[in-house]
Amino acid sequence: MTKERPVYPFTAIVGQEEMKEALLLNVINPLIGGVLIRGEKGTAKSTAVRALADLLPKRSVVANCPCGCTWGDWDHACPMCIERKDTGEELEEALVAMRVIELPLSSTEDRVAGTLDMEHALRTGKKKFEPGVLAKANGNILYVDEVNLLDDHLVDLLLDAAAMGTNFVEREGVSFAHPARFTLVGTMNPEEGDLRPQLLDRFGLLVDVKAEQDTRQRMEVIRRRIAFERDPQEFCEEYRGEQEKLRNEILLAQSRMGELDFNDEVLRTAVEISLHLGVDGHRADLTLVKAALASAALRGREKVGREDVVRVSHLVLPHRMRRNPFQDSKLDTKELGEWLQERFQSA
Amino acid sequence: MRVTYPFTAVVGQEQVKKAVLCGLASRSINAVLIRGPAGTAKTTLARALDGLVPGERVINLPLNATEDQIMGGLDFEAALRSGERKVLPGILQRADGNILYVDGINLLPERLVHLILDAGRRQVNVIEREGVSCEHDCRFLLLGTMDPDEGELSPHLMDRFDICVSMAASENVDERMEILRRGLRYEKEPTAFLNEFMASEEDVSSSIRKARERAAYIIIPPGHLDAIAKVCHDLGVQGHRGDIALARTASALAALDGRDQIVLEDLQAAVPLCLEHRRNDPAPEQTGEGRGDQEKGGEPPQQRPPQQDREDMGDQAPSSDVESPLPPPPREATPKDQVFSVGRAFVVIDYIGEDKRAKARTSGHGRRDRVITSDRSGRYTRFQMPQGRVRDLAFDASIRAAAPYQRSRYRNGLAVVLDPADLREKVRERKRGTRVLFLVDASGSMGAHQRMVAVKGAILALLQDAYQKRDEVGMIAFRKNDAELMLPLTRSVHLAAKKLEQMPTGGRTPLALGLSKGFELLTKDRSCGVRDRPVMVILTDGRANVAMGEGDPFQEALSMAHRMASSGIRFVVVDTGTSLPRLDRALRLCRALEGTYFRLEELDAGYLAASVRAVMGR
């Protein structure tokens, strides 16, 4: 298998607008905290996530750093970069595209967290840290397919790293800490098991996907898929223009977002919605605002308003609503909009 | 330069801040536990302590830490270099004079929590392993956080925390807006944000340092000692740890306040910090009869299902008040199916004990959810000498074992030469759910007196329990002439609850058929790498009246039960019979299965406590 296997273009995915929006919002602002995509088999979940790779913007890193340390952020740099700096080495800046790093279900703990470099130890008798998947994921998107089937102790590792933004390794005689700030993207089929609430809360957004119901849409899905399989290169070529356009939109939205200002009304709306729906914890409030900002930026708006918060609420809140674990959590955006209307009119 | 979110920038959470400050101010308080759901700034608060008192760091103990990393072990680099056995400091040594932080301490293997608490209490860490022997000071404040939804710490570990506080998200709009505002600002311009709080951070830091000087000299008036003893007694605190913690915390509070003597307010403030996790008192509304006791005493701290049905709860109460004797046998002529709602769910006792005759305990978090795995999955917690062929090499430990002898070995260009005798094997532990199959009698007799409502409530409670322990659950309902697989073994408890809600009741009782179907399900799939002993929970009143073959239906079920008893499945029989005199059929079934027997209401963690209280109250 060659390394440059063509990836199905993001813009060629038929329908599934919600999922696409959720993913794009995260590309625009990685601080939203990722997305969990729930749905049956064969609903283009994995395709969409993998397709992101082609759209991701570049970021500035320390050249040759196995942990992908962000250039200039020395407070959070890994010990290897610090050491290189301290020994007087001239570090170089490199511009690399963000990547989608996959965490396979069968991964072992040492490969995820990183471990003792055995070869180095045997050859030189010295300890050296061998970075794992979490190091690779730093600054990138970490993708876990079937995330609900991930072993518990691996979930613990993910949670630890996500909470701290740092991966602390204390095992096999090595003690090491490196930055691990990643956007967590997971896909799962809910019939195969639940996700732990703690992990659920770590996902910024949640989307439920269903297969397209419209026959014509479904036919289009098949047609494109077959065309892609027959000649991937040509198929991608066909979509090159649209991909380029979307990439530009993302860049534009990113720069726009930096200038977007928000007022107290936005904050108040976010808080009121969370309280009204009985959402646990404060992460929901923060994510609501961040997602609203990204969403407004994506739509080319100059101001963020209450409607932006309402629009993203169905992505941010369903998985955070105080749950009886045995109830479906559904969010009625329309009802919510009306409630807010009333609430702010009376106030 | 500190880069963490400032301690004083955390909005609200006064109780938790107070707890942490006490821990920092007093050298004799060495373990603080913070409980709270996800997203309540537990981690933020803990990290904010890094460098709050200059020079004192937060040392992080990650969940992947192995035992030798925590305790310290042989330094193999030094051993290779000079053949000298030297200790490589572990996390505990690094924590000396600092704050040791464990995020999700309830997820850490229990024995590791033990080791840490022990070292913290003795303020010294004794290392006797891998041929090294040494000890070092380790005076640290252990700060643990946990989300109770992920499972509780066992009570004896909990008791060893001097202070335990709960953290909840603020419900106040303005406060929440302020939290948001600060969070967003910190993300955007961290440096400016940190500068803003520099002065207040300095204030806190200096008050901690002043309090430390004072803490050792705080006077506790005799009257207050009396009060401490009394309040601990009144709240039913077991042991003396509570009393001592209370005195220490009150002293710390006085010291933080700049006083030399404890006043009543200090005690009042210290009680919720020290005794909330230790109290063992009857809830105030406990009076008299069993029925009321059960309803109130068994009230779960968690959410209740909204479907709960007031009028049905009476049926779940112990039948101490004499009801009509046997309910009329269900009429076969009018087999009308009914779907009962789901009754009240409660906190379940540890009903699957490791030993066959598990004693009913009110706190059920034993070790049934931790398995030592024999394949290569799971968390590497420690190493051992291999038995037979080495399958999962603990490379680090093997090198350490070999290191001191390297000078005398022929190295052939290698840095390290391993001898077979050096090899060590990994011990992996894995939190793994048990397979639990619910075998539910859904026949007409279960419909009598709305019994099914209570049964469904009980199953829901058991499902919730399974959810926390990551069990795999399955459900088979037997009624009429069939045993239907309602739910194959799955980890989706959500799905199970849905099926439960829809489960119809009515018809006759093919007990034997149900048993054989359940047995088949649990024995057919043994492919998983872990030798686990699945559990079959049978909820029935035992009134079998449909046989698979000829002969008496109940005798048939019994003889089948005898044959199943030695199959490695653990059986739990829950007698759903309600009326007096009880028929002992479920009990006889249980004996045949060599299982554990409960009456339905005994599963309720609140029930036992309540009935004991009722007896004592008289």
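Each chain gets a letter, A, B and so on, in the order its sequence line appears, and its residues count up from 1. This structure is a prediction, so every number in the text was calculated from the model and none was measured.
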request  = Carefully, step by step, assess B:T44 and A:H282 under the rule side chain to side chain contact (heavy atoms under 4.5 Å, CB included).
outcome  = CA-CA 12 Å; B:T44 310; A:H282 298 293; over 6 Å; no
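Listed options B:E67, B:K188, B:R181 were ranked by heavy-atom pairs under 4.5 angstrom with chain A; first place goes to B:R181. Heavy-atom pairs under 4.5 Å with chain B were tallied for A:N167, A:V174, A:T115, A:L288; the largest tally goes to A:V174. Across A:A113, A:S175, A:S274, the residue that shares the most heavy-atom pairs under 4.5 angstrom with chain B is A:S175. Your options are B:L61, B:V173, B:T40, and the one with the most heavy-atom pairs under 4.5 Å with chain A is B:V173. For the options B:T66, B:L184, B:D174, B:N60, heavy-atom pairs under 4.5 Å to chain A are most numerous at B:N60.
For A:L116, the part lying under 4.5 angstrom from a heavy atom of chain B is the side chain only. For B:D75, no part lies near chain A; criterion is any non-hydrogen pair under 4.5 Å. For chain B, the nearby parts of A:L267 are the backbone and the side chain; heavy atoms of each come within less than 4.5 Å. Only the side chain of B:E187 comes within contact range of chain A, with heavy atoms under 4.5 Å apart. Of the atoms belonging to A:L154, not a single heavy atom falls under 4.5 Å from chain B. Interface remark: A:D201 contributes side-chain atoms only to the contact with chain B (heavy atom separation under 4.5 Å).
With respect to the salt-bridge test (charged N to carboxylate O, under 4.0 angstrom), the residues B:K426 and A:E109 do not qualify.
Remark: B:T43 engages A:A163, A:M164, B:R47, B:Y101, B:D103 in a side-chain contact (heavy atoms from CB on, under 4.5 Å) (not counting sequence neighbours).
Side chain of A:D160 to main chain of B:L63: a donor-acceptor pair is present (N/O by atom type, distance under 3.5 Å, no hydrogens or angles). A donor-acceptor contact shorter than 3.5 Å links the side chain of B:N64 to the backbone of A:F168.
Of all the heavy atoms in A:A270 and B:L180, the pair that sits closest is CB-CD1, 4.3 Å. The minimum heavy-atom distance linking B:R176 with A:V279 is given by the pair NH2-O, 4.1 Å.
The local environment of CZ in B:R182 is crowded, with over 12 non-hydrogen atoms from other residues, nucleotides or ligands closer than 6.0 Å.
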